[in-house]
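As structure tokens, the structure follows; a few thoughts come after it.
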Amino acid sequence: MSVRVRFAPSPTGQVHIGNIRAAIFNWLFARHECGKFLLRIEDTDRERSTPEAVQTVLDAMNWLGLTYDEAPLYQSTRLDAHREAAETLLKAGHAYKEDKGGTGKGECIIFKMPGKDMMFKDVIKGELRKSAKDMSDLVILRSDGTPTFHLANVLDDIQMNITHIIRGDDHVENTYRHIALFQALGATVPAYGHLPMIINQQGKPYSKRDGAAFVGEFREKGFMAEALFNYLTLLGWSPGDDREKMSKDVLVSLFTLDRVKSGPAQMDIKKLTHLNAMYIAEMPLDQFIQKERSVVSRLEWGNACGENLFKEVCKLMQSRAHTFTAAEEWKYFFVSDIAYDEKAVKKNLNKEGVKQLLIKAKERLATADFSAKSIEDIIRGVEKENGMGEGKLNQPVRVAVTGTSIGAGIYETVALLGQQCVLKRLGYAIEHFCI
RNA sequence: GCGCCCAUCGUCUAUCGGACAGGACACAAGGUUUUCAUCCUUGGAAGCGGGGUUCGAUUCCCCGUGGGCGCGCCA
């Protein structure tokens, strides 16, 4: 039978990075095996499972290109089937009713574990076993008539003809129960594979405290879907050689479950960022422009960016952008009111002799044609005439016209800023910062 | 506490018992005739400890230690 796997998120309004990684591994496995990747929305918690929360899941999947093959199954539509199954198990003697007391909620239906030692072969972790004494019976239908996770999950997997269940390591212990349920229900037991957890620097499950923990946050922080996808793939898996940056197609062709590790893996934002920078550097310019446009449009100065200038700035900055949020630093290209970095000013402008040179440069720039080439020539000339080392005037000019000591090539930057702007800023710097 | 699992540079990882344990991120130094970034060169950096098995162990086995996960009328 051909492979059928599923991603079964419970819509809570956010999609955790660990969950989406499970989705990615399932997707990769399905595509590699030419099988089906299905989606099941476990929306039985009516409080949290709002249409918006469901949409968040769909958006995250869509963003990452996690295409699914059949209409999603909404678990909430299966309530009757779940109840029926609980009754069936009860009649067949696989379950019993009991009031577990305590809070006195009434009778619930409890599944009887087989009472035998169990073993299953995990596709990732190998043979796993557990003795009968360590497995207790489990509630499958609450006293209020609603099914528990275990019942619903197993039943829906049967309904969907799932052949392989690839999920987080935190489900390993549930597997024995689920297998027993499959068997009691007379269904074929699927293959299981448990993915290592993603942990933080403290070795704890990766959470909000550790920076971005949800798919939406990575997106907002300027990460590319392709980079995040690629990076997540490397957490707990490798192709077996030194390849790291891989396209989806390559990933699909290389991905196998037997190469997945079983120990937890620590998230490394720096490495993700590095990968992201490579992806950004390679993307087509017009796509980059579009991305940056949307980043900048959220800023108060963002809509002041003219089409052409914005394009040129993107061209200049693409290779040095690590994330899309880099555009937030481009303000000085688009507004007249710029911020000055105090340290940079002190180091480059507030020094003996700089004033005369900037005055001279300003004079010549006033009559230049403002190509990068002639700007360079002018600055070179001023340096030379004053016995200054080649390039030594670059930083003072940069700080004077951009307010910061870092940026793209200074001649290109000056050219893009335009004559009027540059003369004005030079004048201001000479007045206010030079001695 | 009980059960299950895991264990290679700081981090992610490679290694089908056999060469100097390789790569990437990060870090450090230098270079790419302007900063930042890119790129290049170089460097430091690992088999948790103890027993076995073997001619030979990072690799196989056992014990210890460390870490993760689980032990709900949550999912």
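In what follows, chains carry the letters A, B, and so on, assigned in the order in which the sequence lines appear, proteins first and then strands, with residues in each chain numbered from 1.
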Euclidean distance, atom [atom1] of residue [X] to atom [atom2] of [N] [Å, nearest integer]:
X         : N       : atom1 : atom2 : answer
Tyr231(A) : rU13(B) : OH    : P     : 8 Å
Asp134(A) : rC2(B)  : CG    : P     : 12 Å
Asp170(A) : rG3(B)  : CG    : C1'   : 16 Å
Met267(A) : rC12(B) : CE    : C1'   : 11 Å
Arg142(A) : rC74(B) : CZ    : P     : 4 Å
Arg167(A) : rC69(B) : CZ    : C1'   : 13 Å
Asn230(A) : rA24(B) : CG    : P     : 16 Å
His178(A) : rC71(B) : NE2   : P     : 11 Å

**Report entry** Distance-only donor-acceptor test (3.5 Å): side chain Thr148(A), base rC73(B)
**Finding:**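 A donor-acceptor contact between them is absent.
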
Query raised in the report: Between the base of rA24(B) and the side chain of Lys271(A), is there any donor-acceptor pair under 3.5 Å?
Result: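 Flag set: donor-acceptor pair detected.
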
Let's test this: given Watson-Crick or G-U wobble pairing with both distances under 3.5 Å, identify the partner of [N].
N       : value
rU41(B) : rA29(B)
rG18(B) : rC55(B)
rC2(B)  : rG70(B)

When you measure from the side chain of [X] to the backbone N and O of [Y], does any donor-acceptor pair fall under 3.5 Å?
X         : Y         : result
Lys112(A) : Gly93(A)  : yes
Gln395(A) : Ser405(A) : yes
Gln419(A) : Ala366(A) : yes

Requested in this report: Identify, between Asp144(A) and Tyr411(A), the residue whose nearest nucleotide on RNA chain B lies closer to the 5' end.
Outcome: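 Whichever sits nearer the 5' end wins; that is Tyr411(A).
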
Report task. Select from Ser131(A) and Leu272(A) the residue whose nearest nucleotide in RNA chain B is closer to the 5' end of that strand. Result ->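 First, find each residue's nearest nucleotide; the 5'-ward one identifies Ser131(A).
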
Query raised in the report: Hey, what's the ring geometry for His16(A) with Tyr206(A), parallel, tilted or perpendicular (30° and 60° as the breaks)?
Result: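 It falls in the perpendicular class, over 60°.
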
**Report entry** Atom NZ of Lys221(A) with >12 non-hydrogen neighbours under 6.0 angstrom
**Finding:**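 It does not: Lys221(A) NZ has 12 such atoms or fewer within range.
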
Report task. Verify the contact: side-chain N or O of Ser238(A) to OP1 or OP2 of rA14(B), cut-off strictly under 4.0 Å; return yes or no. Result ->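 Looking at the OP1 and OP2 atoms of rA14(B), one of them is under 4.0 Å from a side-chain N or O of Ser238(A).
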
